[in-house]
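What follows is one structure encoded as C-alpha cells, with my remarks underneath.
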There are 2 protein chains.
Amino acid sequence: MNIGDVARLSGLPAKTIRYYEDIGLVSPLRSTNGYRSFRESDLHKLAFLNRARSLGFTIDDCRNLLQLYEDNSRASADVKQIAMEHLIHIDAKIDELIEMKKTLTHLVHECAGDHRPDCPILEDLATAVSGETSPKRAVSN
Amino acid sequence: MNIGDVARLSGLPAKTIRYYEDIGLVSPLRSTNGYRSFRESDLHKLAFLNRARSLGFTIDDCRNLLQLYEDNSRASADVKQIAMEHLIHIDAKIDELIEMKKTLTHLVHECAGDHRPDCPILEDLATAVSGETSPKRAVSN
DNA sequence: CTTTGACCTTCCAGTTGGTGGAAGCCTTAT
DNA sequence: ATAAGGCTTCCACCAACTGGAAGGTCAAAG
C-alpha cells in the first residue's frame with residue numbers, strides 16, 4: 001500500500017503519517033521507486049494511533065501504548081495506568097474550562113453589548129486579581 | 001519600573017513580558033542603561049493580559065481586547081462579541097473532553113488492570129472506528 | 001511519444017505561547 | 001575587588017503537526 005491508501009484507510013493525513021515515521025512510530029518499507037510501502041500491520045498501527053490521539057493521548061502515551069499493544073505478555077494494569085493518568089489530566093482540563101466558562105458567562109451577561117463604551121468585561125480584565133479563576137497558566141493540552 | 005518589578009506586580013514571568021514586547025503587545029520605554037522602563041500604563045496592560053490569558057483568550061483576542069480597552073469610544077458590543085465567540089470555543093472543548101472522558105472511563109472500568117495481557121482498552125484502540133468520539137482532531141487549545 | 005494529472009519524495013518554514021540557557025553588561029554591597 | 005543579583009540579547013526547543021516548494025514516478029489519454 002502507498003501512503004495515500006493508508007491515509008484513506010487509517011483516517012490520518014499523509015503528512016501526519018510521514019511525521020509519525022519521522023518520530024519512529026511506524027517504519028514502513030520502501031519500494032524500489034522510493035515510495036513508502038505499508039504492510040497491514042502498519043495500517044493497524046496507524047489506525048490505533050489515530051484512535052488513541054482522538055482520545056487525547058499524547059504522542060508519548062501513544063508510544064507506550066503501542067509498545068504494550070505489541071507485547072503479548074503485557075499486563076493490562078500497565079495500560080490501565082496510562083489511561084487513568086490521562087483521565088486525571090482530562091478532568092483537570094475540564095475543571096479549568098468550566099471555571100473559565102463560569103466567569104465569562106457571568107461577564108457576558110453583565111455586559112449590555114450595545115453602542116456604549118461601558119463594559120464590565122473590560123473592567124474585569126483591567127482590575128481583577130489575575131489567577132483568581134486559575135492559578136496555573138491557561139489550558140495547555 | 002524595571003522588568004522584575006512589573007513581573008512581580010503583574011504576575012507574569014519576565015520572559016513572557018519580553019515576549020509580549022516582541023510581538024508588540026507592550027512597548028516599554030528604555031532607560032539610558034538599556035533596561036526596559038515600564039510605566040504604570042504598561043503595568044496595567046500586562047495585568048490585563050495576564051487576566052485575559054488566564055480566561056483562555058488567545059493572544060490575538062488579547063490584542064483586540066487591548067485595543068478596545070484603550071479606545072474610549074468603543075462599543076461594548078464589540079467586546080461582548082469576542083467574549084461570546086470565545087465561550088463557544090470553550091464549550092466545544094468541554095464537550096470534546098467530556099466525550100473523551102466518557103469513553104475512557106468506560107474502558108478503564110472494563111479493564112481488569114491485573115497481570116494478565118487481556119485489555120479492553122487496547123482492544124478498543126486497535127479496532128474502534130476512529131472518529132467516533134470526535135470527528136475533528138483532538139483538543140487543540 | 002508526449003503530455004497531463006495524480007501521486008509520491010524530501011526539505012524548510014510556520015503555527016501557539018511561551019520556556020530554558022548561554023554569554024555578557026549593570027549595579028550594589030561587602 | 002569581587003560576588004551576587006538583575007538586566008540584556010540571541011538562539012534553540014516544546015507539541016503535534018501543517019503548508020508549500022521543487023522535483024521524481026506512474027498510468028492513461030491524445
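Model, not experiment: these values are computed from the prediction. Below, chains carry the letters A, B, ... as their sequence lines are ordered, and counting in each starts from 1. When reading the values below, keep in mind they use all heavy atoms of this one structure, side chains included, and skip hydrogens, waters and symmetry mates.
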**Message:** By the 4.0 Å heavy-atom rule, please label A:Ile23 as base, sugar-phosphate, or nothing.
**Reply:** nothing

**Request:** Would you classify B:Arg36 as touching base, sugar-phosphate or nothing, given that sugar-phosphate means primed atoms plus P, OP1 and OP2, and contacts are heavy atoms under 4.0 Å?
**Result:** sugar-phosphate

**DNA chain C: 5'-proximal contact among A:Ser37 and B:Ile59 (nearest heavy atom)** = A:Ser37

**Request:** Just jot down the salt bridge (Lys or Arg N to Asp or Glu O under 4.0 Å) partners of A:Asp71, sequence neighbours excluded, or say none.
**Result:** none

**Message:** Enumerate the ring pair (Phe, Tyr, Trp, His ring centres under 6.0 Å) contacts for residues 97-119 of chain A, please, sequence neighbours excluded, ordered by first and then second residue.
**Reply:** none

**Fill in**
Readout for nucleotides 20-30 of chain C: B = base within 4.0 Å of protein heavy atom, S = sugar-phosphate only, - = neither; 5' to 3' it is BB----BS---

**Prompt:** Looking at A:Arg8 and A:Asp5, does any basic side-chain N land under 4.0 Å from a carboxylate oxygen?
**Reply:** yes

**Message:** Please determine whether a side-chain nitrogen or oxygen atom of B:Tyr20 lies at a distance below 4.0 Å from atom OP1 or OP2 of C:dG18.
**Reply:** yes

**Prompt:** Residues two or more places apart in sequence or in another chain: which of them pass salt bridge (Lys or Arg N to Asp or Glu O under 4.0 Å) with A:Asp114?
**Reply:** A:Arg116

**Request:** Go through the structure and list residues passing salt bridge (Lys or Arg N to Asp or Glu O under 4.0 Å) with A:Lys101, not counting sequence neighbours.
**Result:** B:Asp91

**Asked** With a cut-off of 6.0 Å (strictly less than), are more than 12 heavy atoms of other residues, nucleotides or ligands near CD of B:Gln67?
**Response** no

**Asked** For the helix from C:dC1-D:dG30 to C:dT30-D:dA1, what angle lies between the axis at the first five pairs and the axis at the last five pairs, to 10 degrees?
**Response** 40°

**Asked** Starting at the 5' end of DNA chain D and moving along, which residue's nearest nucleotide shows up first, A:Tyr19 or B:Arg8?
**Response** B:Arg8

